[in-house]
S.K.: 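Got a structure for you, written out below as structure tokens; questions coming shortly.
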Amino acid sequence: MPELPEVEVVRRGLLHHLPGRRITGLATDGKVLREPVPEAAMKRLLPGTAITDVTRRAKYLLIHLDSGAVMIIHLGMTGRLGLHDRNEPPAAHDHVCWSLDNGMELRLNDTRRFGLVKMAAPDQAATLEQTVFRTSGPEPLSPSFDGRYLHDTARGRALPVKSFIMDTRVVVGIGNIYANESLFSAGIRPNRKAGAISLGRYETLAEKIKTVLERAIACGGSTISDFISASGENGYFQVHFNVYGKRDKPCPRCNRLLSHGVIGGRATFFCSKCQR
DNA sequence: ATGGCCTCCTGTATGC
DNA sequence: TGCATACAGGAGGCCA
């Protein structure tokens, strides 16, 4: 479910509720996510500490504690973080539950269990962040991410540009949906070799990536007020897709039927006339 | 180093 | 209707 805009929307929602809250308890169902949930470390490090901030790097959320400890959460494909009254019965696939000092519980629900929870003690927080993000490329919304960077990084690369921008070592946060949408907006065919694209076109692509992500965040922002009930049903996806999932639908720009294929094992949608 | 493929897991849609 | 199969928005690891 979550790509960068969705994770950012979740972060902003959490920011309205978590900072200042003290964690009073922890429960897990014992299921292994992408890695085992660090239950012992969390039980040792969390109770009694207060949440000071919620930040994001790539598609990871970082929950900072007043002790200096940090918890890192990734939502994988189907992960959701929701705030629930403690009396609300748990849902299927609720794997981790953090009790707060106001009677609410933060619950991590993840059907496919591709999510991830990591916990670091105060003196290990910096090391954990270095480890987790050691291979991460720049943030797409940061000034250092631009057409020049993409062009330089793509030099000599033969892989399709879509796979290139979905590589988290190149740039983080661009999943399949926004790769499809950004390439449509930039008029670039997804299978074009990354190293064969001009600087000018990469400047367009970098701009479109930023625009598409920012618009999606702004869209998701409209549901932030519903965050407490956001077991997900409300969805963060009022984003208007131009091509994603629109196989055999008309291109919104030229009306030609959109093309469909598979690149890097992922569904790919494009207009064979508007994207070259 | 590079690029392509595989894997973890469950739910849902599609086709016969 | 029942069953089998494909596919889903992530991302790290492996191998040629």
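All values below come from the heavy atoms of this structure, side chains included, with hydrogens, waters and symmetry mates left out. Per chain, numbering begins at 1; letters A, B, ... match sequence-line order. The structure presented is a predicted model; accordingly, all values stated were derived computationally and were not measured.
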S.K.: Is there a side-chain polar atom (N or O) of A:R113 under 4.0 Å from OP1 or OP2 of B:dT10?
M.R.: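 For B:dT10, OP1 or OP2 has a side-chain N or O of A:R113 closer than 4.0 Å.
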S.K.: With respect to the side chain of A:F114, which nucleotide from C:dG10, B:dG11, C:dA8 is positioned closest?
M.R.: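 Nucleotide nearest to A:F114's side chain: C:dG10.
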S.K.: For the side chain to side chain contact (heavy atoms under 4.5 Å, CB included) test, which of A:E35, A:M42, A:R34, A:H95 pairs with A:V117?
M.R.: A:M42
S.K.: When the P atoms of B:dG11 and C:dT1 are considered, how many whole Å apart are they?
M.R.: 22 Å
S.K.: Can you measure A:Y60 atom OH to C:dG10 atom P for me and round it to whole angstrom units?
M.R.: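 From A:Y60 OH to C:dG10 P: 12 Å.
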S.K.: Hey, is the main chain of A:A92 close enough, under 3.5 Å, to the side chain of A:N109 for a donor-acceptor pair?
M.R.: yes
S.K.: Without swapping roles, check the side chain of A:D66 against the backbone of A:A50 for a donor-acceptor pair under 3.5 Å.
M.R.: yes
S.K.: Spell out, as yes or no, whether a donor-acceptor pair under 3.5 Å connects the side chain of A:E39 to the backbone of A:A27.
M.R.: no
S.K.: Out of B:dG4, C:dG12, B:dT2, which has the shortest distance to the side chain of A:P160?
M.R.: B:dG4
S.K.: Are A:E6 and A:K59 within salt-bridge range, i.e. N to O under 4.0 Å?
M.R.: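 Salt bridge: no.
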S.K.: Below 4.0 angstrom from OP1 or OP2 of B:dG11, is there any side-chain N or O of A:H93?
M.R.: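 Affirmative; the distance criterion is met.
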S.K.: Which nucleotide sits closest to the side chain of A:M166: C:dA11, B:dG3, C:dG10?
M.R.: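 So the nucleotide nearest the side chain must be C:dG10.
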S.K.: Rounded to whole Å, please give me the gap between NZ in A:K31 and P in B:dC8.
M.R.: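 It is 16 Å, rounded to the nearest whole Å.
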S.K.: Distance check needed: C:dA11 P versus A:I72 CD1, whole Å only.
M.R.: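 Nearest whole value for this atom pair: 14 Å.
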S.K.: Grab the CG-P distance between A:N176 and C:dG10 for me, whole Å please.
M.R.: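 Value for this atom pair: 6 Å.
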S.K.: How many whole angstroms separate atom CG of A:N180 from atom C1' of C:dG10?
M.R.: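 A:N180 atom CG is separated from C:dG10 atom C1' by 15 Å.
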S.K.: Is it possible for you to say whether A:M71 and A:V54 belong to one hydrophobic cluster, with membership spreading through side-chain heavy-atom contacts below 4.5 Å?
M.R.: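 Yes, A:M71 connects to A:V54 through the hydrophobic network.
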S.K.: Which residues in residues 259-271 of chain A have a heavy atom closer than 4.0 Å to any atom of DNA chain B?
M.R.: none
S.K.: Identify which nucleotide among B:dC9, B:dG11, C:dG10 has an atom closest to any side-chain atom of A:R34, counting heavy atoms from C-beta outward.
M.R.: C:dG10
S.K.: Taking the P atom of each, how far is C:dA11 from B:dA1, in whole Å?
M.R.: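 Their P atoms lie roughly 23 Å apart.
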S.K.: Kindly point out which of B:dG3, C:dG13, C:dA11 is positioned nearest to the side chain of A:R134?
M.R.: C:dG13
S.K.: Using atom OH of A:Y244 as one end and atom C1' of C:dC7 as the other, report the distance to the nearest whole Å.
M.R.: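 Going from A:Y244 (OH) to C:dC7 (C1'), I get 10 Å.
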S.K.: Both conditions, 6.0 Å and 45 degrees, for the charged tip of A:R253 above the ring of A:F184: are they met here?
M.R.: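 Yes, A:R253 and A:F184 form such a contact.
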S.K.: Between A:Y60 and A:F133 (judged by ring centroids, cut-off 6.0 Å), do the two rings come close enough to count as a pair?
M.R.: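 Here the rings of A:F133 and A:Y60 have centres that are less than 6.0 Å from each other.
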S.K.: Any strand counts, and the cut-off is 3.5 Å on both contacts for Watson-Crick or G-U wobble. Which nucleotide pairs with B:dC9?
M.R.: none
S.K.: Look at the side-chain N and O atoms of A:T78 and state whether any lies under 4.0 Å from the OP1 or OP2 oxygen of B:dC9.
M.R.: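 No, A:T78 has no side-chain N/O under 4.0 Å of OP1/OP2 on B:dC9.
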S.K.: Rounded to the Å, how far apart are A:R80 CZ and C:dG10 C1'?
M.R.: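 Rounded to whole Å, this separation is 16 Å.
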S.K.: For the pair made of CG in A:N109 and C1' in B:dG11, what is the distance, rounded to whole Å?
M.R.: 13 Å
